[in-house]
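Written out below as structure tokens is the structure these notes cover.
A, B, ... follow the sequence lines: proteins, then strands. Residue 1 opens every chain.
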Protein chains: 2
Amino acid sequence: MEQNQELKKAGLKVTLPRIKILEILQAPANQHISAEDVYKILLEQGEEIGLATVYRVLNQFDDAGLLDRHHFEGGKSVFEMGQKKHHDHLVCLKCGKVIEFEDDLIEKRQIEVAEKNNIKLTHHSLYLYGVCQPSCEDR
Amino acid sequence: MEQNQELKKAGLKVTLPRIKILEILQAPANQHISAEDVYKILLEQGEEIGLATVYRVLNQFDDAGLLDRHHFEGGKSVFEMGQKKHHDHLVCLKCGKVIEFEDDLIEKRQIEVAEKNNIKLTHHSLYLYGVCQPSCEDR
DNA sequence: AACAATTTGAATTTGTTTCTCAATTACCAC
DNA sequence: GTGGTAATTGAGAAACAAATTCAAATTGTT
């Protein structure tokens, strides 16, 4: 059980809700998923797990550093497993597609800006919003 | 009446709530203010303007392009009169101080990233979070 | 198996923002 | 100015995401 180790390492007891939610978050199709969507998938799977538990577990995973939380424009928090290297996001406003990117130049520049203003940078949030070029453009 | 012109130009009727809210937003002390805070100031001024109206008017101003709306980490929307040139924000997580900055290099780079990913960029949000260097650091 | 501590589900609560609707008000034509 | 029409308002209710409460169930450990 791959999942059990992750949970234990995070100091969390291994329970069915946590395993199921972890599995859902790890599925490649479920990058960038909301709490509500996690809950819907659990329902589809026939699991009797309450929405409150989903929120609770996602917060615990966040506290434990297992995932990243994003606030895309227009609404709810979106979660993503945080194993990967730091990156930012491009979001299509029409189809909702999310593209990850990293740009060292932007990162470096941010640090310089913070220094110049006497702020010790802890983190940042950068979202680029637009419209998919061929697909969503004319719809 | 300076305000009246702005409202009319935006296609909005000139009403007391809108004038009062516009005045509040224009005060130098009230850069980066939340709807709730606007409402509180109105109460202090003895104006009988409902919270719903505050939210409505702020949305109308936003639609009209009179102001910018920000979503700083941890909660409510924050509004700022948008006469100025585009800029992004540094936020101190301890004292809540907000510093505006602009960086052409970052701006240019964002456009390039979007192009590379076939997205027509409409706008972006960039917030740098940290701690004020001498003042808030040790508290 | 038994125990203490943690976790859960359901319902309730919070906090922000939006909606509804009757009463009021602004603006245009006369 | 006066009147009519459409926009605007305030108050309360509703919507929505998210957090909290608490008794009952489950975990990991003796």
Side-chain angles (χ1 to χ4, degrees), chain A residues 1 3-25 32-43 45-64 66-79 96, chain B residues 1 3-24 32-43 45-64 66-79:
Chain A
M1 293 284 117
Q3 274 87 12
N4 295 18
Q5 300 316 313
E6 281 213 62
L7 291 173
K8 277 183 187 153
K9 221 186 307 173
L12 298 168
K13 288 191 176 174
V14 177
T15 66
L16 192 108
R18 300 218 255 240
I19 292 171
K20 287 293 166 194
I21 292 172
L22 192 52
E23 276 175 10
I24 290 172
L25 290 169
H32 315 112
I33 190 174
S34 69
E36 196 69 42
D37 289 339
V38 170
Y39 180 61
K40 280 201 201 105
I41 293 176
L42 288 169
L43 286 185
Q45 295 181 355
E47 301 291 343
E48 306 243 313
I49 294 171
L51 184 56
T53 301
V54 174
Y55 276 105
R56 243 182 327 226
V57 169
L58 288 173
N59 278 334
Q60 290 159 347
F61 286 2
D62 188 18
D63 292 344
L66 291 180
L67 52 74
D68 292 325
R69 178 196 302 254
H70 302 293
H71 298 279
F72 293 156
E73 197 162 87
K76 29 191 148 183
S77 289
V78 167
F79 301 87
Chain B
M1 293 283 119
Q3 274 86 12
N4 295 18
Q5 301 315 313
E6 282 213 61
L7 290 173
K8 277 184 187 150
K9 220 186 311 171
L12 297 168
K13 291 190 173 173
V14 177
T15 65
L16 194 109
R18 300 217 256 241
I19 293 170
K20 287 293 168 196
I21 293 172
L22 191 52
E23 277 175 10
I24 290 172
H32 313 112
I33 189 174
S34 70
E36 195 68 45
D37 288 339
V38 170
Y39 180 62
K40 280 200 202 106
I41 293 176
L42 288 169
L43 286 185
Q45 294 182 355
E47 301 292 344
E48 306 244 313
I49 293 172
L51 183 55
T53 300
V54 173
Y55 276 103
R56 242 183 328 227
V57 169
L58 288 173
N59 279 334
Q60 290 158 349
F61 287 3
D62 188 16
D63 292 343
L66 291 179
L67 53 72
D68 293 324
R69 179 197 302 255
H70 301 294
H71 298 278
F72 292 158
E73 200 161 86
K76 31 190 148 185
S77 290
V78 168
F79 300 87

Among D/dA18, D/dG10, C/dT7, the one nearest any side-chain atom of A/T15 is C/dT7
Note: for A/V57 and B/H71 on DNA chain C, the residue whose nearest nucleotide lies more 5' is A/V57
Tightest non-hydrogen contact, residues A/A35 and A/Y55, listed as CB-CE2, 3.6 Å
A/Y39 OH to C/dT8 P, in whole Å, measures 15 Å
If the cut-off is 4.0 Å, is B/Y55 near the phosphate of C/dT17, judged by side-chain N/O to OP1 or OP2? yes
*D/dA19 OP1/OP2 closer than 4.0 Å to side-chain N/O of A/N59*: yes
Between CG of B/N4 and C1' of C/dC27 the distance, given in whole Å, is 13 Å
In whole angstroms, the gap separating P of D/dA7 from NZ of B/K8 amounts to 17 Å
Exercise. Would you indicate what B/L16 reaches in the nucleic acid, counting non-hydrogen atoms under 4.0 angstrom: base, sugar-phosphate, or nothing?
Key: nothing
Looking only at C/dT17, C/dT8, C/dT20, the nucleotide nearest the B/R56 side chain is C/dT20
Quick note, B/A35 side chain, CB onward, closest among C/dT18, C/dT17, D/dT27 is C/dT17
A/K13 has its side chain closest, among C/dT6, D/dT8, D/dA19, to C/dT6
When rounded to whole Å, the CD to P distance for the pair A/Q5 and D/dG28 reads 11 Å
note: A/K76, atom NZ; C/dT17, atom P; distance rounded to Å ~ 17 Å
**Report entry** Flag side-chain contact, heavy atom, 4.5 Å: A/H71 against A/K76
**Finding:** no
The single option from A/D37, A/N59, A/I21, A/I41 that satisfies side chain to side chain contact (heavy atoms under 4.5 Å, CB included) with A/V54 is A/I21
A/E48 CD to C/dA11 P, in whole Å, measures 12 Å
Whole-Å distance, A/L58 CG to D/dA19 C1', equals 13 Å
Is there a side-chain contact between B/K13 and B/K8, using heavy atoms and a 4.5 Å cut-off?
no
Tightest non-hydrogen contact, residues A/P17 and A/I49, listed as CA-CD1, 3.5 Å
By nearest-heavy-atom nucleotide on DNA chain C, the more 5' of B/R69 and A/A52 is A/A52
Out of C/dT7, D/dT8, D/dG10, minimum distance to the side chain of A/L12 belongs to C/dT7
Rounded to whole Å, the CG-C1' distance (B/L42 to D/dG10) equals 13 Å
Short side-chain N/O contact to C/dT16 OP1/OP2 from B/S77, under 4.0 Å
no
